[in-house]
Amino acid sequence: MKLEAKGLVLEGRLAGIDCSLEPGAVTAICGPNGAGKSSLLEALAGLLSLDGGTVELDGQNLATLPPRERAKRLGYLPQEHEIAWDVSVRRLVELGRMPHGDRLAGPVDAALDALDITALADRRAQSLSGGETARVLLARVLAGEPRWILADEPLAALDIAHQLELLRHLRAEVDRGTGVVLVLHDLAHAMNHADRVIVLHEGRIAADGPPQQALSPERIAQCWRVAVKWIGEDGARALVAA
Amino acid sequence: MNRAVLVFAGLLALALPLSLLAGRVWIDPASTPNAWLILGELRLPRAVLAIVVGAGLGAAGAAMQGYLRNPLADPGLFGIAPGAALGAVTALFFGYAASAWLLPAFALVGAGGAMALLALIAGRTGGIALFTLAGLMVASLAGALTALAISMAPNAFAMSEIVLWLNGALTDRSWREVWIAAPLVTLGVALLWRASASLDALTLGEPVARSLGVEPARLLWLLILGIALTVGAGVAVAGIIGFVGLIVPHLVRPLTDRRPSQLILPSALAGALLVLVADSVVRVLPLVTELRLGIALSLLGAPFFLWLLLRMRRGLA
């Protein structure tokens, strides 16, 4: 189930984006502040009314797909961890079933289990730590059994242990054939954990390809205007000032 | 069926017979002369009307708090109650209130006008912030026009009629008001109930709700229509009765799993109970003239609101 952006234009944010994403891989969207990363993710999730262009899922225009059908296929996780009411973890995760119109225990339990939060199921949202909240909100997405997971900065505000854990969960989803698209600020995470990196700069795609290529020091210098170099070995690279 | 529905339905079933007997004159069906006439023609319609009006206000408050994700939201803030009041005041101003149907009809037109204005401003985008601001502006415009009507009232009698009416009451209401309000409130509560799954999704914020398939414009329409019907019909037959929509969801929430959808029906029942009990209390109080229900509920509601703010102070600061 391919996810394709065709000529996306959003005034002041996206200036003609074309890309075709295949499931079964982690795609990272990187770029300096204001490059249009979150806008592109929201557009891919079908949540923006665009000034131009279309997003197609398996050849179907998202804008004409009924919202529930779109919601069944695309799971979206925003950066903000907003939980307005002090509901239980299970009730939060069950919200992921809303597009299906059910609260099936099977997928909800599987999502709780996948993120090791079965023990938290009866806890209230406001009693959770930041790391637990992040896992609960990802479980909410998994409970909907989407074909695509689109997450905006899912690692922000998490410590390194929880970051790696969340990445491990996302990789497990990818291994089951789900497509994962992440907006990432941390270029080292993109380098080490993504299969493909799309670099945005001023609303356009500046680079698109395997991480080593898309995040070369030259590209980083061009888009972020900093001189850096990669150290370490493949899969465990770190970015330091050159 | 959640626990809160059972609790408040049970309490309501207890309160209704007591409320029928309570009043300046306590009725003993066996010995009071004309007891059945008083019950059937005076007390029963008044009690049913209290239930209808309270149910509408309670459900509207629960839906509003869920929609705005704010426990301090009250349906009165959003222009529909002031709009309905302006309609009723217009009828009183021109002396149309002599006809029994005209005042509620004018109030419903006022609620509809406020609703149309809200929908015109905020309906297309379905944005919550725009809706809130538009509601506040509609409310202050309607409030200003109501104040204008009071200050320009043709005579002292009309002025006192308007002021008295604005402090809602259920005194001297009959089955006619019940027939006006009950179908509208029922329809309104049904519409709000239909919005409940979307309100649950809003718990995780507007973008997540949309990603789960919620259509913001459809949700806003359900809410505007639902609140116009519940609150508008309530104001049309009883005048302004504040604070019910604010207080009731707080009483109900601890008995539920805190999902907004689980609040709507029990809040309708708890609102009905609160207005029924408050109306019975104002009848029993040994005052020279009966205390207006709207005033009584404000006397109860304002300290409650303050208590709520004190409790939330740590979180708000």
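Letters A, B, ... mirror the listed sequences (proteins, then strands); counts begin at 1. Please read all numbers here as calculations on a predicted model, not as lab measurements.
Look at B:E206 and B:R210 and you find no salt bridge, because none of the NZ, NE, NH1 or NH2 atoms lies under 4.0 Å from a carboxylate O. Under a 4.0 Å N-O distance rule, the pair A:D208/A:R196 qualifies as a salt bridge.
Residue contact with chain B, scored on non-hydrogen atoms closer than 4.5 Å, is absent for A:R97. Only the backbone of A:L74 comes within contact range of chain B, with heavy atoms under 4.5 Å apart. Interface residue A:L137: only side-chain heavy atoms are found under 4.5 Å from chain B.
Expressed to the nearest 0.5 Å, how far CG of A:D152 lies from NE2 of A:H185 amounts to 8.5 Å. Atom CG in B:L274 sits 7.0 Å away from atom CG in B:L251 (nearest 0.5 Å).
Between the side chains of A:H169 and A:D116, not a single donor N or O lies within less than 3.5 Å of an accepting N or O. The closest side-chain donor-acceptor pair between B:N2 and B:T256, if any, does not fall under 3.5 angstrom.
Counted within 6.0 Å of CZ on A:R171, heavy atoms from surrounding residues, nucleotides or ligands total more than 12; the atom is thus considered enclosed. Crowding of A:R123 atom CZ: a count of heavy atoms from other residues, nucleotides or ligands under 6.0 Å exceeding 12.
Chain B forms the most heavy-atom pairs under 4.5 Å with one residue out of A:H81, A:E42, A:R103, and that residue is A:R103. Of the residues considered (A:L92, A:L150, A:L95, A:L77), A:L95 shows the highest number of contacts with chain B, using heavy-atom pairs under 4.5 Å. Your options are A:A125, A:A84, A:P66, A:S49, and the one with the most heavy-atom pairs under 4.5 Å with chain B is A:A84.
Using non-hydrogen atoms only and a strict 4.5 Å limit, the part of residues 257-267 of chain B facing chain A consists of B:D257, B:R258, B:R259, B:P260.
Of the residues listed (A:E80, A:R140, A:E82), the one engaging B:L204 in a side chain to side chain contact (heavy atoms under 4.5 Å, CB included) is A:R140, and it is the only one.
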